[in-house]
Amino acid sequence: MTAAPPPRCDRIAELTADQFQARLPEALQIYVTAMGYPPATAQQRAPMWSAHMQRAGWRCIGAFSEQDQLIGIGYGYLGAPGQWWHEQVRRGLLSSGTEIGDWLDDYFELTELHVHPAGQGAGIGERVLRQLLTDAPGDKVLLSTPEGPTRAWRLYRRVGFTDVLRNYRFTGDPRPFAVLGRPLPLEER
Ligand SMILES: CC(C)(COP(=O)(O)OP(=O)(O)OC[C@H]1O[C@@H](n2cnc3c(N)ncnc32)[C@H](O)[C@@H]1OP(=O)(O)O)[C@@H](O)C(=O)NCCC(=O)NCCS
């Protein structure tokens, strides 16, 4: 039995693809725990997360405990036509009659952001998010999140994300999602 990671964050650091690959089981464990998904979801997601590392503009930030355990993770990459999420969002925008504008050009897709429940509510997610978006490629960032109110929603609003598409149902998931976005770079704090 693995001990729950301590909530104190010792450092926030960028991970190379090799470093992330080595930490993948830990990262997926945070993901399923934070999202409340069945443990088997971790194994199912592993090939997809590995494939994402090969995408242009991939960038990953981790939060680490004093014992060097991963307690938070965030990653994303440059979105592009042909990618599943990109095509889903395009379909959603078109079907809702929303003006696509340049939302789907030159954007960084914030794909995953999770903090282990033992470490949530102490500002770790915001630190990971801000560091991930600092120096992220693209002139804007887009993400999707289940409709709130949730801690994730408060975080995204605090960091300046606004609505791109609301109450959208991605193929294969019955939950309504919001697509949120904001320009890059982030303002200096
Ligand atoms: C969403 C998530 C990544 C946010 O990470 P987090 O570390 O829990 O949250 P934040 O960094 O926003 O922490 C801010 C909270 O900590 C509190 N806090 C305490 N000390 C703080 C500090 N020094 N700095 C900032 N916030 C601090 C704030 O008051 C705030 O509380 P609130 O959200 O109740 O208003 C995390 O909660 C999570 O993994 N959730 C489940 C998975 C999920 O939904 N992921 C996103 C899917 S799109």
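As the structure lists them, so they are numbered: ligands from 1, and atoms in each ligand from 1.
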What's the shortest distance from [atom] to any protein heavy atom, and which residue and atom give it?
atom: atom 43 (C) of ligand 1; answer: M35 SD, 3.6 Å
atom: atom 39 (O) of ligand 1; answer: V115 N, 2.8 Å
atom: atom 13 (O) of ligand 1; answer: G123 N, 3.2 Å
atom: atom 41 (C) of ligand 1; answer: A34 O, 3.4 Å
atom: atom 7 (O) of ligand 1; answer: G125 N, 2.7 Å
atom: atom 4 (C) of ligand 1; answer: L155 CD2, 3.9 Å
atom: atom 40 (N) of ligand 1; answer: Q120 NE2, 3.6 Å
atom: atom 18 (N) of ligand 1; answer: G121 O, 3.5 Å

Among R151, R130, R158, R154, which residue places a heavy atom closest to atom 14 (C) of ligand 1?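 The residue whose heavy atom sits nearest atom 14 (C) of ligand 1 is R158.
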
Pick from A122, P117, G72, G148: the one approaching atom 21 (C) of ligand 1 most closely through a non-hydrogen atom: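 Considering heavy atoms of A122, P117, G72, G148, the nearest to atom 21 (C) of ligand 1 sits in A122.
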
Any salt bridge linking D68 with R23? Criterion: basic side-chain nitrogen under 4.0 Å from a carboxylate oxygen.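 The answer is yes: the pair qualifies as a salt bridge.
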
Salt bridge or not for E147 and R175, using N-O below 4.0 Å?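 No.
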
Do [X] and [Y] land in one hydrophobic cluster if side-chain heavy atoms of ILVMFWY residues count as linked below 4.5 Å?
X: I61; Y: F108; result: yes
X: L143; Y: Y107; result: no
X: L184; Y: V128; result: yes

Where ligand 1 meets T145 - atom numbers and elements under 4.0 angstrom, heavy-atom basis: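 Listed by number with element, the hits are 48 (S).
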
Considering only heavy atoms of E126, which atoms of ligand 1 have at least one such atom less than 4.0 Å away?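 Within the 4.0 Å cut-off of E126, ligand 1 contributes 10 (P), 11 (O).
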
Kindly indicate, with the supporting measurements, whether the criterion side chain to side chain donor-acceptor pair (under 3.5 Å) is fulfilled by T145 and W153. CA-CA 8 Å; T145 190; W153 267 89; 4.6 Å; no

Other residues, nucleotides and ligands only: do more than 12 of their heavy atoms fall within 6.0 Å of CD on Q43?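 Atom CD in Q43 is not packed in, count stays at 12 or less.
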
How are the rings of Y75 and W58 set relative to one another: parallel (under 30°), tilted (30 to 60°) or perpendicular (over 60°)?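 Rings of Y75 and W58: tilted, 30 to 60°.
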
Decide whether the shortest distance between a heavy atom of L113 and an atom of ligand 1 is less than 4.0 Å.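 For ligand 1, residue contact (heavy atoms, under 4.0 Å) with L113 is present.
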
For S144, is the nearest heavy atom under 4.0 Å from an atom of ligand 1?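 Yes, S144 has a heavy atom closer than 4.0 Å to ligand 1.
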
Provide the closest heavy-atom pair for V115 versus A34 in the form atom of the first, atom of the second, distance.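 Closest approach of V115 to A34, heavy atoms only: O-CB, 3.5 Å.
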
Taking non-hydrogen atoms only, is A152 closer than 4.0 angstrom to ligand 1 via side chain, backbone, both or neither?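 Under 4.0 Å from ligand 1, A152 contributes backbone and side-chain atoms.
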
Is it the side chain (CB and beyond), the backbone, both or neither of Y156 that lies under 4.0 Å from ligand 1, heavy atoms counted?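 Under 4.0 Å from ligand 1, Y156 contributes side-chain atoms alone.
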
Taking atom types as modelled and ignoring hydrogens, do the side chains of R91 and Y168 form a donor-acceptor contact shorter than 3.5 angstrom?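 Per modelled atom types, R91 and Y168 side chains form a pair under 3.5 Å.
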
Would you say the side chains of Q54 and H52 form a donor-acceptor pair under 3.5 Å?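 Per modelled atom types, Q54 and H52 side chains form no pair under 3.5 Å.
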
Checking contacts now, so for atom 29 (O) of ligand 1, which I'm interested in, is there any protein heavy atom under 4.0 Å?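 Flag for atom 29 (O) of ligand 1 set to false, no protein heavy atom closer than 4.0 Å.
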
